[in-house]
Amino acid sequence: MADPRARRSPLAGWAPQLQALNGAIRAQELPFLTQLNLRLDSGGPAADPVAKVLGVSLPTVPCTSVGSGVYEVLWLGPDEWLILAPAGSAPELMIALREAIGSEHAAVTDVSAQRTTVQLSGPGARELLAKGCAIDLHPAASPEGSCVQTLLAQTGIIIVVRDGTATDFLLLVRSSFAEYFAAWLVDASVELTEPA
Amino acid sequence: MTRVAAGGRIDRNTELAFTFDGKAYRGYAGDTLASALLANGVHQVATSICYGRPRGIMAAGVEDANALVQIETPFPEPMLTATTVELYDGLVARGLQGQGRLADLPDQARYDAMHEHCDVLVVGAGPSGLMSALTAARAGARVVLLDDQPELGGSLLASRNQLAEWVSAVTSELNSLATVRVLRRTTAFGYYDDGFVLALEKRTDHLGAAAPPAAARQRIWRIRARQVILATGAHERPVVFADNDRPGIMLAGAGRAYLNRYGVLGGNRVVVFTTNDSAYTAALDLADAGAAVTVVDARTEIPQHPAAECARRGVALKAGHVVTGTSGNGRVTGAHIAPYADGKAGARQGIGCDLLLVSGGWNPTVHLFSQARGKLRYDESLGAFVPGSSVKAVRVAGSAAGVFTLSGCLSGAADAAVAALQELGLSSAPPALPSLDAEPETTPGLVLWAVPDKGDESGPCRRFVDFQRDSTVADILRATGAGLTSVEHVKRYTTIGTAHDQGKTSGMIASGIMAEALSTDKHQVEVASLGTTTFRPPYASVAFAALAGRDRGEIFDPVRVTEIHPWHLEHGAVFENVGQWKRPRYYPQRSAAGSIEDIDTAVLRECRTTRESVGMMDGSTLGKINVQGSDAGEFLDRLYTNLMSTLKPGFIRYGAMCGMDGMIIDDGTVARVSDTEFVLTTTTGNAAMILDWMEEFAQTEWPELRVNLTSVTEQWVTIALVGPRSRDVLASVAAELDLSNEAFGFMTWRDASVAGIEARICRISFSGELAYELNVNAWDGLALWEALIEAGKPYGITPYGTETMHVLRAEKGYPIIGQDTDGTVTPQDLGMGWVVSKKKLDFIGKRSFSRAENQRPDRKQLVGLLPVDRTVLLDEGAQVLATADLSQLPVPMLGHVTSSYRSAALDGTFALALVRAGRERIGQRLHAWQDGELVSVTVTDPVLYDKEGARRDG
Amino acid sequence: MQLIRCPWCGSREEVEFHYGGQAHVSYPENPAELSDAEWARYVFFRANPRGPLAERWVHAAGCRRWFNAVRDTSTHELLAVYRIGEPQPEVAR
Amino acid sequence: MTENVRPLPSGPGADLPEHPKFLWRNPDPKPSYDVVIVGGGGHGLATAYYLAKNHGITNVAVLEKGWLAGGNMARNTTIIRSNYLWDESSGIYEHSLKLWEGLEEDLGYPILFSQRGVLNLAHSLQDVRDSVRRVNANRLNGIDAEWVDPAQVKELCPIVNISPDVRYPVLGATYQPRAGIAKHDYVAWGFARGANEYGIDLIQNCEVTGIDVVGGKVVGLQTTRGRIATGKVALAAAGHSSVLASMVGLSLPIQSHPLQALVSELLEPIHPTVVMSNAVHVYVSQAHKGELVMGAGIDSYNGYGQRGAFHIIERQMSAALELFPVFARAHLLRSWAGIVDTTPDASPIVGLTPIENLYLNCGWGTGGFKATPGVGWCFAHTVAHDQAHPYNAPFTLDRFTTGALVDEHGAAAVAH
Ligand SMILES: Cc1cc2nc3c(=O)[nH]c(=O)nc-3n(C[C@H](O)[C@H](O)[C@H](O)COP(=O)(O)OP(=O)(O)OC[C@H]3O[C@@H](n4cnc5c(N)ncnc54)[C@H](O)[C@@H]3O)c2cc1C
Ligand SMILES: NC(=O)c1ccc[n+]([C@@H]2O[C@H](COP(=O)([O-])OP(=O)(O)OC[C@H]3O[C@@H](n4cnc5c(N)ncnc54)[C@H](O)[C@@H]3O)[C@@H](O)[C@H]2O)c1
Ligand SMILES: Cc1cc2nc3c(=O)[nH]c(=O)nc-3n(C[C@H](O)[C@H](O)[C@H](O)COP(=O)(O)O)c2cc1C
Ligand SMILES: [Zn+2]
């Protein structure tokens, strides 16, 4: 195995700037999470075995996510989910899922490095996102568990709403766009954070 | 000074200093530049564009298009109207003559944008808008209320504190509700589809130099509203008469606003010229403030109430009279009045005055309604267009709907809100209406566009319709005389309505004058049928920078980078933009003396090292798509020109894709992972397009195929390790892997641990050399890169960029899609007939190959070109000619040079070109023409290096 | 800027979608049997009415699903959306 | 640069010319004409003018559903150039440019044709290759064209930001000195006035609602102002071409899209040339009065609404400000949209149709203003002789079947 310290997450270079945000906005990269893309017929015979592996049924309501404590399962499309799991669990989980699926038509793909994850929280979080995202993240419109794939300024993004007060979000952004995303975020928060 | 002693909404405790046209003045917080200038007795603000006439302040709001100023401090900004500039300390401005000046200084101000969502958007916070917003807010709806003024109240602000308590109570109630957002200084300027309203908030302009630098100066609000209530009020309309443009002539409502809101009495001897009741309020207010007022009413009958009120104050009344002209040198000094009957003015008589207020009635502010595709209806009695149809989710309330009584506005606005709430499924109890003094019965006004003029229209007396464009009644008459019968033609012929005004004050009048001009005894042309010119966004002008927002500089467009980017930066790579990606183009070396290699030297060095020993390249930007499913092979067969279903797991095949038209659109490799899984690559620039293209077929054409596509472009870092010593380098870090040709052959892949990192290694080559492409989880990419650099040191390994990659592949005659092709090139044209399956019945594009044009023997084909003088580098884009005779233009062209390089391996320059019937011409001498110079070239096979392919196995 | 109703995600901003042109133009059963003119018709010719047009969209920035819509090209108003494979609904103009 | 450069108005007052005293009559339609031209845009009016002038055919009506030249002619950013890539294109566009050079005199109308030069910027290495290729092709086709480096760009248009540090630096540009702009309305009115003087009827508010075909031949038109019999019908309806063609069951490889443009308020002269940048979708010039005229990108979907979406304008502005930081505090005064008729190969369709006596001119998409005199000339020839003029001969409808496309996408992503 390579020295895990040698790994580099897409926002490694931005950690200081993200850390410097304070007050109404807090942002932190959660690097190296396991992320698996799952394609499956949620009405088919493999759905139950998969649910067993995950400890939770695949969410079938569009634009929602469910968590099982260990896993978080994000609805990406009518037959597509993104499974977030603890760092390092990709190989075992892939095997478990593929076993559960058997010969059913499905696809499991390791996409752990395809996107990086940023936790954005604080009372200014919704306003910050509103500067670049057209989704209504008001708790009335996007309750806890909402999960939208959309655009934030010039990048695609997945937004998971983690509380009922629009102050805690999980953001997933394509790795090659991550630095742009961070630059955008830091610039957007100028009015929302106190000078350090 | 013309500031009255007390009253108005200005803050007399906060004095502000400003400079206009080089002179220092003082005003108060709450002033606009216009009101402050008037308070200082400055009436002439600007000069007219064509005729150089002095021009003043005509209105008190956005509809003024006359008092054009250039702001100089804190930052130059052209072409604002003094009526929309809030006064701040240190303001420096000057009047303009029709054109503004852009400053060649970087604008350091910040701008941003904000998305907002609401149940009910209310535009305009006059009594109507306040009532609508309050009704909606009390029902619990999410409400946005916006108004372009710094204070809520709308036209009430121009009154003598009418409903002031109600306004402040409503304001504080709205401000206190979490469900309500009140935006002041915010102009809704565009109504787009589905309740999408764009608004501009001026956040710091009124602070001048005190504006916090971090704060966005202006913000675009992108508001998505489920229901919209337009309570935008009405604009007063002037009447046109000769010399109506002098400073000191303004709209009656404006005269009243300056007095009541800003505490400025615009003149002491005031003539009020009106055609309707509304201007009497102004006349009475100004008289009460001490002005000597004469009302000139075009109507013969003056309604009882205003007449009585005038009499009470000693306001002189001239019924059945009109103003036919004015005198003055600069500011107005007199009005010419004349009896008016049967559309004709009689003998004129002068009245001295220093302020002439005009009212020709009111035009409901229907711009946004019209942008929302609402149809307008001409209201004969108003002489104006009013909303005439219903538009889904849009309601118009108050004066904007043609309602001009306060009580009517309030109750109508509450009704509009109730109706909107009903659509939203919210029940509501409309708030009680504030108690009002009884409003006098109004009598209809007289619709009068322009006072007839006996003078010479081309002479100095001009009846101005559009002040900013200096367009006159004569211009309209000239246009209709030329045969123009459409308001749109007259607009363009006269330029009326094409300046800031955008028809707010001039449009209606122009239509009216046109109708009269086109009417004959036999044929009456109705204003209703002429209509107005089209209302278009923006309702009021918006700075370009505000629209650009924060999408500038560093974050104008995403810069996409790979995980190895920090290393490239550290090692002095020169980058190339490839789409949004930054890719190293080459890595110039710095000599001990500090000089930096030029591109040619660096690339020759990189090429030589790679061909002779080993080089490596960051290829992570390649698009990568994971394809899974039992029909994956069949699916790929339909998309690629060659067969993919026959590929065995563990093997790799080069593949090309064509569009429906048979033209090559992309190429790459396809690796089979298992029976049901493939991973394919696309070119960097086409990654997204190709995934979309494949998804479209998978989902829409062949949904029966069991196949799933997932982008894994960024999952993998891809490193090409290239050159005869690549095997040695790899062997030193992948000890467990048997790298012999027998165990690990060309076009196969293996999973192995490389420098302790799990990698998928593909034996493919884009250079003709022995080469490996290593794919690892992107997080490990940098570590692997560094390990390989380290392992390659004994062999003098070099990193190389896109330029070297291009040279190496071109020496081998491998085309780059998009460089050696341009959307008009088939695989056959590229000499790649071998990639087109003969076995498959069909694949995308196949049918197009048999079209007449594709069968022509003289199609352009990819060939190599060797300059006769091998030190001459051809220009990419040079044209290929058969003849050296340039005496006759046009010169027939055979094709063009697509790629051209200096080659270390070929010891000279070479090029690839698309040439008509190129393959037949191999061996021929042709000419390349570039920027006037002819270069002799020999046509060759495109493969110039290692034709036998001896090097790829090392 | 319009809202487009993705049959799965609901109404989203137009910028999240890519336009795919006329719907219900299926890939020919056997292109080899088509005349040049018939093939050209499939490749290059698409309906372009002023009025309702059945067309394809993909929710590119969202769920990546293609779907069909009937939209009035004269007003840009979306009259109906439906999933791939579903029949084109009748719409009242 | 050429001597022909007409300076921008030096001071306020904008030297806008006087219009002629009379433009055109407004006749009622006659029961029949030799030729009826459908569409009173620039192309229809130019065709009418040259039918009379070059071919002596004057029993002609131009039918316009709205007001004359109120379609794309009223909405375009007026860029005129002939530096297209392929021989076929440069042939017809250069023919047009030569006509522009004598048009003011020919029409006796001050059309403000200003040969101030057009720069097409290159921002990527591939842009550079494509640009150099086009310049070389142009020159061998007898068209003035130059490749200029960033410093020369700056010389020609000092306000362009040529800093290498921006996101998409300017790597150079193609420059056509004879290219420029003209006042769109005046061009249309000049042709209209000319046609009117030849006795041609310009009939407004007259929408064609049906085309009568008998025995494979066009014999007349149904209009909102009654039926009109005619020997020949020439369609010049730009964005509405498909709608008209469908009246005779003819389908066209055309898609109609909204294309937006915008202007600023009047500004002191600051921009002496025309700058286009396909890569970032900016094209801008300063019109004679002083307004900045700027085109935006095309809206992706089909639309006849003459309105586009706002995000396109916002994006356009950020791109414009990267290139021209000096524009920051210019103001958007008005925006609008036209309906452009795009073809698969970004080239027009001009010629005969499968229906006898029906002629077609369409598919100019985002770039047909510059062709106005040229296509009028050629289309008139085609109608008069029942045969394409050599300049428009390559632009057949048939090319989509044979595959002989004239693909100008490379040279003209937004092809003004
Ligand atoms: C925003 C924008 C910018 C552009 N910029 C440029 C540029 O910089 N340079 C350039 O060269 N080109 C440009 N163009 C393209 C150019 O405007 C068009 O290609 C050209 O004007 C089309 O020819 P036309 O003038 O005859 O079309 P139009 O003026 O559109 O004329 C067609 C006419 O047909 C009428 N019509 C339609 N249907 C009927 C019917 N049934 N009955 C009767 N009449 C009918 C229409 O009302 C219309 O008036 C631009 C276009 C737009 C929209
Ligand atoms: N006597 C008369 O003939 C007469 C004529 C006109 C108005 N009035 C009176 O004026 C009042 C009208 O009330 P109302 O509430 O309908 O209109 P209003 O004029 O009081 O309020 C409209 C408000 O909307 C703002 N506004 C307009 N367009 C906007 C935009 N696009 N973005 C942001 N703000 C915008 C205006 O600046 C103003 O503040 C009534 O009291 C009526 O009696 C009387
Ligand atoms: C080159 C050019 C310059 C223009 N200049 C102005 C202008 O200065 N002011 C203005 O209001 N409109 C200007 N327009 C736009 C027209 O007012 C109008 O929006 C356009 O002709 C489309 O018509 P419509 O908006 O009535 O549909 C200009 C248009 C063009 C093509
Ligand atoms: Zn969706």
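The sequence lines fix the lettering, A, B, ..., with proteins before strands; numbering per chain opens at 1. For the numbers below, each heavy atom of this structure counts, side chains included, while hydrogens, waters and symmetry mates do not.
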Trainee: Under 4.5 Å from any heavy atom of chain A, what part of B:W716 do you find: side chain, backbone, both or neither?
Mentor: neither
Trainee: Below 4.5 Å from any heavy atom of chain B, which atoms of A:I135 appear? Answer side chain, backbone, both or neither.
Mentor: backbone
Trainee: Side chains of B:N708 and A:E80: does their closest heavy-atom pair fall under 4.5 Å?
Mentor: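 Side chain of B:N708 against side chain of A:E80, heavy atoms only: no contact under 4.5 Å found.
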Trainee: When you measure from the side chain of B:H117 to the backbone N and O of A:A134, does any donor-acceptor pair fall under 3.5 Å?
Mentor: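 Side chain of B:H117 to backbone of A:A134, a donor-acceptor pair under 3.5 Å: yes, one is there.
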Trainee: Is B:P566 close to chain A through its backbone or its side chain, or both, or neither, when contacts mean heavy atoms under 4.5 Å?
Mentor: side chain
Trainee: Taking all non-hydrogen atoms of both residues into account, name the closest pair between A:S175 and B:E563 and its distance.
Mentor: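 Smallest interatomic distance, heavy atoms only, reads CB-OE2, 3.8 Å.
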Trainee: Using non-hydrogen atoms and a 4.5 Å limit, figure out which bit of B:E677 sits close to chain A: side chain, backbone, both or neither.
Mentor: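 For B:E677, the contact with chain A is made by the side chain alone.
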Trainee: Do B:R110 and A:D187 have side chains that get closer than 4.5 Å, going by heavy atoms?
Mentor: yes
Trainee: Can you confirm whether B:Q580 sits close enough to A:F177 that some side-chain heavy atom of one is under 4.5 Å from a side-chain heavy atom of the other?
Mentor: yes
Trainee: Answer with side chain, backbone, both or neither: which region of A:A188 has an atom nearer than 4.5 Å to a non-hydrogen atom of chain B?
Mentor: both
Trainee: Find the one option among B:T676, B:T621, B:N626 whose heavy-atom pairs under 4.5 Å with chain A are most numerous.
Mentor: B:N626
Trainee: Heavy-atom cut-off 4.5 Å, strictly under: side chain, backbone, both or neither for B:T713 against chain A?
Mentor: both
Trainee: For the pair A:E179 (side chain) and B:V559 (backbone), establish whether a donor and an acceptor sit closer than 3.5 Å, ignoring hydrogens and angles.
Mentor: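 Absent.
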Trainee: Please determine, among A:S9, A:G13, A:A106, the option with the most heavy-atom pairs under 4.5 Å with chain B.
Mentor: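 Of A:S9, A:G13, A:A106, A:A106 has the most heavy-atom pairs under 4.5 Å with chain B.
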Trainee: At a heavy-atom separation under 4.5 Å, does B:D631 approach chain A through its side chain, its backbone, both, or neither?
Mentor: neither
Trainee: Measure B:T562 against the heavy atoms of chain A and call it side chain, backbone, both or neither at under 4.5 Å.
Mentor: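 For B:T562, neither part sits under 4.5 Å from chain A.
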Trainee: Is a donor from one side chain sitting under 3.5 angstrom from an acceptor on the other, for A:S112 and B:Q715?
Mentor: no
Trainee: Name the option with the most non-hydrogen atom pairs under 4.5 Å to chain B; the candidates are A:H105, A:K131, A:H138.
Mentor: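 Most heavy-atom pairs under 4.5 Å with chain B: A:H105.
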Trainee: Would you call A:E104 and B:R706 a salt bridge, using N to O less than 4.0 angstrom?
Mentor: no
Trainee: Are the side chains of A:D136 and B:R142 in contact, using a 4.5 Å heavy-atom criterion?
Mentor: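 Yes, side chains in contact.
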Trainee: First locate atom CE of B:M114, then atom SG of A:C133, and finally report the distance between them rounded to the nearest 0.5 Å.
Mentor: 12.5 Å
Trainee: Distance under 6.0 Å and angle within 45° of the ring axis: does B:R550 meet both against A:W184?
Mentor: yes
Trainee: How long is the gap from CG on B:L782 to CZ on A:R8, to the nearest 0.5 Å?
Mentor: 6.5 Å
Trainee: Under 4.5 Å, counting heavy-atom pairs only, tell me which of B:P212, B:G629, B:P558 racks up the most with chain A.
Mentor: B:P558
Trainee: For the candidates B:A215, B:A778, B:S620, which exhibits the highest count of non-hydrogen atom pairs separated by less than 4.5 Å from chain A?
Mentor: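 Sorted descending by pairs with chain A, the first entry is B:A215.
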Trainee: Can you tell me which portion of B:V627 sits under 4.5 Å from chain A's heavy atoms? Options are side chain, backbone, both or neither.
Mentor: neither
Trainee: What part of B:A787 is in contact with chain A, defined as an atom under 4.5 angstrom from a non-hydrogen atom: side chain, backbone, both or neither?
Mentor: neither
Trainee: Does the side chain of A:Q154 pick up a donor-acceptor pair with the side chain of B:D551 at under 3.5 Å?
Mentor: yes
Trainee: Checking A:D79 against chain B: side chain, backbone, both or neither under 4.5 Å from a heavy atom?
Mentor: side chain
Trainee: Report which part of A:T109 has an atom under 4.5 Å of a heavy atom belonging to chain B: side chain, backbone, both, or neither.
Mentor: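 It is both, since atoms from each part get that close.
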Trainee: Top residue by heavy-atom pair count (under 4.5 Å) with chain A, among B:V717, B:I555, B:V754?
Mentor: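 Greatest number of close heavy-atom pairs with chain A: B:I555.
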Trainee: Measure distances from A:E127 to the heavy atoms of chain B and classify the residue's part below 4.5 Å as side chain, backbone, both or neither.
Mentor: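 A:E127 touches chain B through backbone and side-chain heavy atoms alike.
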Trainee: Under the 3.5 angstrom rule, does the side chain of A:Q114 hit a backbone N or O of B:E714 as a donor-acceptor pair?
Mentor: yes
Trainee: Can you tell me how far apart CG (A:D110) and OG1 (B:T710) are? Round to the nearest 0.5 Å.
Mentor: 11.0 Å
Trainee: If you count heavy-atom pairs under 4.5 Å between each of B:I220, B:L784, B:N777, B:V707 and chain A, which one has the most?
Mentor: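 Sorted descending by pairs with chain A, the first entry is B:V707.
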Trainee: Counting only non-hydrogen atoms closer than 4.5 Å, does A:N37 touch chain B with its backbone (N, CA, C, O), its side chain (CB onward), both, or neither?
Mentor: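 The answer is the side chain of A:N37.
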Trainee: Using heavy-atom distances under 4.5 Å, tell me whether B:I223 contacts chain A through its side chain, its backbone, both, or neither.
Mentor: neither
Trainee: Quick check: does any side chain N or O of A:R39 sit under 3.5 Å from a backbone N or O of B:Q628, one acting as donor and the other as acceptor?
Mentor: no
Trainee: Name the region of B:E116, side chain, backbone, both or neither, that has any atom closer than 4.5 Å to a heavy atom of chain A.
Mentor: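 B:E116 has no heavy atom closer than 4.5 Å to chain A.
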Trainee: Please classify the contact between B:V561 and chain A as side chain, backbone, both or neither, with a heavy-atom cut-off of under 4.5 Å.
Mentor: both
Trainee: Please state whether the side chain, the backbone, both or neither of B:S711 comes within less than 4.5 Å of a heavy atom of chain A.
Mentor: both
